[in-house]
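Here's the structure we're looking at; comments come further down.
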Amino acid sequence: MTESGYLAVDSGGSGLRVVVGEAGRGPLARAASDVPVRTGTRGIDPGHLMEQLVPMARALCAEAGAGRLRTAVVGAAGMAGLGDALRAELPDALARELGVRRLALAADAVTAYVGALGARPGAVIAAGTGLVATGTDLTGWRRADGWGHLLGDCGGGAWIGRAGLEAALRAHDGREGGSARLRASAEEVFGPLTGLPGRLYPRTDRPAVLASFAPRVGECAAGGDPVAADILRAAARHMADSAAAVCPARGEPAVGLTGGLFRMGDALLVPVEEELARRLPGARRVVAEGDPLTGAVRIAEDLTTGAFSLPGDPTMLRVTGPAGGDVARAADTRT
């Protein structure tokens, strides 16, 4: 491989996905791990990331017949708030282990944006277990929500699942706002509802457990349950609120949707489309072109070919050399 070899990484709650490619030829080999990178007192653990990434990258280079990886892009969930150790240590670590000369560290919201829309103005709603909206006018980045299931992520999978379980418990108690259909579905998944707090509260993966019930809310809504439909309508309003907060005000910006939550189908997509039309009448809804790994690959290709044009940001998108010095100076943060 020539100087145009690159490494693209998507690190999320379900593990790592890695691509080795070459500018002009695209991705040449890919691999995945289902072990999420640990977080600790220093935030995202760079040592644990390197333990997984380096063997995967070397194996992919051998598979692709590649020798040199001069550019790397790492998109990670939690990068904005928990990425200080990565920003401090990864440039030199990747230079030492893999020969990387230029590294882009990006929040997964940024790679999701680039995967969905590419380098054009607009906003992207990324909805999975959590929810974050990201927007840019190509001079800076804006982010709304993404604050986690206790403080935000309004309209995301955990939010929908929790609302559905609350409606199930209301029905169990005989309170207003309950849904017998959601109660039956919750009992099918979790067993007797009187034991639900004891099974849920001690778990460290509570957001994922809550989000696992979101598809059941979608099924009940599609089946005509008004309480479930109201939950999805409220989720759609939250999504539209976040998109409106980050979307550029001028022109006809694009708005994209990405993330596994939208596989729920029309029960969620229809109210989301209606709420976006109400809140952002001048925006153009577009189909997301790809996922966060696609975004990491696009950034790597652009850095390699000299076509990189995205704005920098101290926490959301920073490009450095092996000594840690900025290659693309970060713009002011705007959240």
Side-chain angles (χ1 to χ4, degrees), residues 116 123-133 144-194 196-197 200 206-247 255-281 283 285-288:
V124 168
I125 302 169
T129 297
L131 186 133
V132 63
D145 213 337
W147 300 120
H149 76 291
L150 292 178
L151 299 176
D153 284 356
C154 298
W159 187 95
I160 291 172
R162 190 213 58 80
L165 290 173
E166 179 187 344
L169 291 168
R170 284 180 174 275
H172 174 273
D173 295 344
R175 291 179 287 153
E176 290 186 0
S179 163
R181 196 173 297 183
L182 284 169
R183 174 185 177 181
S185 187
E187 289 174 340
E188 182 181 341
V189 174
F190 297 105
L193 293 187
T194 53
L196 181 58
L200 178 63
R206 285 186 301 273
V209 176
L210 291 170
S212 72
F213 192 64
R216 294 297 189 112
V217 178
E219 291 170 6
C220 290
D225 183 76
V227 174
D230 284 346
I231 291 171
L232 296 190
R233 173 64 66 176
R237 285 195 295 270
H238 283 304
M239 292 182 191
D241 286 345
S242 291
V246 302
C247 195
V255 176
L257 310 178
T258 187
L261 190 62
F262 294 113
R263 289 197 290 267
M264 194 179 294
D266 286 348
L268 179 61
L269 287 171
V270 169
V272 168
E273 295 281 3
E274 292 172 352
E275 293 298 327
L276 285 174
R278 182 178 65 85
R279 291 300 309 275
L280 293 168
R285 256 284 289 128
V286 299
V287 176

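Throughout, numbering of the chain's residues begins at 1 and tracks the sequence. Everything numeric in this text was worked out from a predicted model, so none of it was measured.
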Report all side-chain donor-acceptor pairs from residues 214-222 shorter than 3.5 Å, counting only partners two or more places apart or in another chain.
{"from": "Arg216", "atom 1": "NH1", "to": "Ser185", "atom 2": "OG", "distance (Å)": "3.0"}

### Task
For the pair Phe190 and Phe213, name the ring-plane relationship: parallel under 30°, tilted 30 to 60°, perpendicular over 60°.
tilted
## Note on the structure
Looking only at heavy atoms, the pair that brings Ile231 and Ala167 closest together is CD1-CB, 4.5 Å
### Message
If I take atom CD from residue Glu166 and atom CG from residue Leu182, how far apart are they, to the nearest 0.5 angstrom?
### Response
11.0 Å
### Message
Determine whether Leu257 and Met239 satisfy the following criterion, side chain to side chain contact (heavy atoms under 4.5 Å, CB included), listing intermediate values before the conclusion.
### Response
CA-CA 10 Å; Leu257 310 178; Met239 292 182 191; 6.0 Å; no
### Message
If you compare all heavy atoms of Gly155 against all heavy atoms of His238, which two are closest, and at what distance to 0.1 Å?
### Response
N-CB, 4.1 Å
### Query
Measuring from Leu232:CG to Asp266:CG, what's the distance to the nearest 0.5 Å?
11.5 Å
### Query
Does the side chain of Arg285 reach to within under 4.5 Å of the side chain of Leu276, using non-hydrogen atoms?
yes
#### Entry: Distance-minimising heavy-atom pair for Gly146 and Asp153
CA-OD1, 3.2 Å
### Task
Go through the steps for Leu210 and Thr129 under the test side chain to side chain contact (heavy atoms under 4.5 Å, CB included), then give the verdict.
CA-CA 8 Å; Leu210 291 170; Thr129 297; over 6 Å; no
### Task
Compare every heavy atom of Asp145 with every heavy atom of Val132, then report the nearest pair and how far apart it is.
CG2-O, 3.9 Å
### Message
Give me the atom names and distance for the closest heavy-atom approach of Ala133 to Val246.
### Response
O-CG1, 3.8 Å
### Task
Check whether any side-chain heavy atom of Val255 lies under 4.5 Å from a side-chain heavy atom of Cys247, and answer yes or no.
yes
### Message
Strictly distance-based, threshold 3.5 Å: is any side-chain N or O of Asp225 a donor or acceptor partner for the main-chain N or O of Ala228?
### Response
yes
### Summary
Shortest non-hydrogen pair, Ala127 vs Phe262, comes out as CB-CE1, 3.6 Å
### Query
About how many Å separate CD1 of Ile160 and CG of Leu268, when rounded to the nearest 0.5 Å?
5.5 Å
### Task
Determine, stepwise, if the pair Glu275 / Arg233 fulfils side chain to side chain contact (heavy atoms under 4.5 Å, CB included).
CA-CA 9 Å; Glu275 293 298 327; Arg233 173 64 66 176; 3.1 Å; yes
### Query
Is Glu274 salt-bridged to Arg278, cutoff N-O under 4.0 Å?
no
### Task
Determine, stepwise, if the pair Thr194 / His172 fulfils side chain to side chain contact (heavy atoms under 4.5 Å, CB included).
CA-CA 9 Å; Thr194 53; His172 174 273; 3.7 Å; yes
